[in-house]
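Structure, as structure tokens:
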Amino acid sequence: MKKVLVFLADGFEEIEALTLVDYLRRADIFVDTVSIKNDFYVNSAHEIIVKSDKLIDDISLDDYCALYIPGGTKGAENLRDDVKVIDIVKKFYEEDKIVCAICAGPIVLDRAGILSDKACVSHPSIEGELLDIGEYKKDELVVEDGNILTSRGAGASVYLALKLIEKISGVKVKEKVKVGIQQNFVENYFGFKF
């Protein structure tokens, strides 16, 4: 079974976290949202309380093929400063599992030391905080370098989600999700049927 671990910490950006969860589940990729604290309830950057699926101490890392770090400056800082999260990021990278981050999330990958020879992108506001990276691709929405995916921010969440689906399940599944979402939008909002 394909499973993805999505870390949630107080201050996470809602669009970045939940868009990816939504798209992956539409692609029949199982997702666990994982709180890094001893509480299932995590407070987002805009004061929306989200109940995570699991707590960090209750997961088995062998269950997952990928992990995702959403942005939101405070949320990313909380993830970056958590030793367990950093150890898990390193482990996934070393095992050639997919490691994905968006917006301020790449500061976590930088702290883990896995960007030193990698191309990446982030929200422009944290570019200066990425101290040990290979190449910064400021004009890209999504950057793929080996098993690492990074993205700019909330507006690029859909593109990152689709790229992750493609990387996990292939182009056909990605295209099926894209068509399904477009068809659903047109039918529900404009009354047109495909």
Let's go through F92 and I98 carefully: what are the C-alpha distance in whole Å and the side-chain angles of both, what is the deciding distance for side chain to side chain contact (heavy atoms under 4.5 Å, CB included) to 0.1 Å, and is it a yes or a no? CA-CA 7 Å; F92 272 59; I98 301 166; over 6 Å; no

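- Side-chain contact check for D82 versus F7: every heavy-atom pair is 4.5 Å or farther apart.
- Taken from CD1 in I88 to NZ in K97, the straight-line distance is 10.0 Å, to the nearest 0.5 Å.
- If you chain together hydrophobic residues whose side chains sit under 4.5 Å apart, V143 and Y93 fall into the same group.
- Checked for salt-bridge contact, R111 and D87 miss the test: no charged N lies under 4.0 Å from a carboxylate O.
- In this structure, F40 places its CZ atom where more than 12 heavy-atom neighbours from other residues, nucleotides or ligands lie under 6.0 Å away.
- Between L61 and L5, some side-chain heavy-atom pair lies under the 4.5 Å cut-off.
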Test side chain to side chain contact (heavy atoms under 4.5 Å, CB included) applied to I69 and C100, step by step
CA-CA 6 Å; I69 307 285; C100 205; over 6 Å; no

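- Across all their heavy atoms, Y136 and L130 have their closest contact at CE1-CD1, 3.9 Å.
- Among residues at least two apart or in separate chains, side-chain hydrogen bond (donor to acceptor under 3.5 Å, both in side chains) pairs with a member in residues 37-52 are D10-K37, E14-S44, E14-H46, N43-E47.
- Environment of NZ in K167: crowded, with over 12 heavy atoms of neighbouring residues, nucleotides or ligands closer than 6.0 Å.
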Check against side chain to side chain contact (heavy atoms under 4.5 Å, CB included), Y68 and L160:
CA-CA 10 Å; Y68 175 57; L160 180 60; 3.6 Å; yes

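- A distance of 13.5 Å separates NZ in K91 from OH in Y64, rounded to the nearest 0.5 Å.
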For this session: For side chain to side chain contact (heavy atoms under 4.5 Å, CB included), just list the numbers for L149 and V99, CA-CA rounded to whole Å, side-chain angles, deciding distance to a tenth of an Å, and then say yes or no.
Result: CA-CA 6 Å; L149 292 173; V99 179; over 6 Å; no

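- The OG atom of S35 lies 10.0 Å from the CZ atom of F12; values are rounded to the nearest 0.5 Å.
- Closest non-hydrogen pair, L20 versus L164, comes out as CD1-CD2, 4.0 Å.
- With E16 contributing its side chain and P70 its backbone, the two residues share no donor-acceptor pair below 3.5 Å.
- One distance of note links CD1 of I48 with CD of E13; it measures 9.0 Å at 0.5 Å rounding.
- Of the candidates I168, D28, L24, I168 is the only one forming a side chain to side chain contact (heavy atoms under 4.5 Å, CB included) with K2.
- Residues R80 and D110 are not in side-chain contact: their nearest non-hydrogen atoms beyond the backbone lie 4.5 Å or more apart.
- For I102 against A156, the heavy-atom pair with the smallest separation is CD1-C, 4.4 Å.
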Practice problem: Carefully, step by step, assess K178 and E175 under the rule salt bridge (charged side-chain N to carboxylate O under 4.0 Å, His left out). | Solution: CA-CA 5 Å; K178 264 175 61 174; E175 291 301 320; 3.7 Å; yes

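- Under the 4.5 Å side-chain heavy-atom criterion for grouping Ile, Leu, Val, Met, Phe, Trp and Tyr, I15 is not connected to V142 through any hydrophobic cluster.
- No donor-acceptor pair under 3.5 Å is formed between the side chain of K54 and the backbone N or O of T33.
- Between the D132 side chain and the G113 main chain, no donor and acceptor come within less than 3.5 Å of each other.
- For the residue pair K137 and A119, the shortest heavy atom distance occurs at CE-CB, 3.9 Å.
- Side-chain N or O atoms of T150 include one that pairs as donor or acceptor with a backbone N or O of V121 at under 3.5 Å.
- The closest donor-acceptor contact from the side chain of S122 to the backbone of R152 lies at 3.5 Å or more, if one exists at all.
- The salt bridge (charged side-chain N to carboxylate O under 4.0 Å, His left out) check on K176 picks up nothing, with sequence neighbours excluded.
- A salt bridge links R26 with D22; the closest basic N to acidic carboxylate O contact falls under 4.0 Å.
- Residues I36 and K84 are not in side-chain contact: their nearest non-hydrogen atoms beyond the backbone lie 4.5 Å or more apart.
- Annotation: side chain of E144 is not in contact with side chain of E166 (no heavy-atom distance under 4.5 Å).
- A 4.5 Å side-chain heavy-atom check between I114 and V89 finds at least one atom pair inside the cut-off.
- I148 and V4 fall into different hydrophobic clusters, where Ile, Leu, Val, Met, Phe, Trp and Tyr residues are linked whenever their side-chain heavy atoms come under 4.5 Å apart, directly or through other members.
- For the side chain to side chain donor-acceptor pair (under 3.5 Å) test, no residue two or more places apart in sequence or in another chain qualifies with K118.
- In terms of modelled atom types and a separation under 3.5 Å, the side chain of D117 and the main chain of G134 share no donor-acceptor contact.
- The CD atom of E129 lies 12.0 Å from the NE2 atom of H123; values are rounded to the nearest 0.5 Å.
- Cluster annotation: L67 is connected to I56 through the hydrophobic network of ILVMFWY side chains, with a link wherever side-chain heavy atoms come within less than 4.5 Å.
- Residues I29 and V158 fall within the same hydrophobic cluster, defined by Ile, Leu, Val, Met, Phe, Trp and Tyr side chains chained together at heavy-atom separations under 4.5 Å.
- One finds the CD1 atom of I107 at 6.0 Å from the CD1 atom of I126 (value rounded to the nearest 0.5 Å).
- The side-chain heavy atoms of V42 and I49, taken from C-beta on, include no pair separated by under 4.5 Å.
- In terms of heavy atoms, V108 sits closest to A76 at CG2-O, 3.5 Å.
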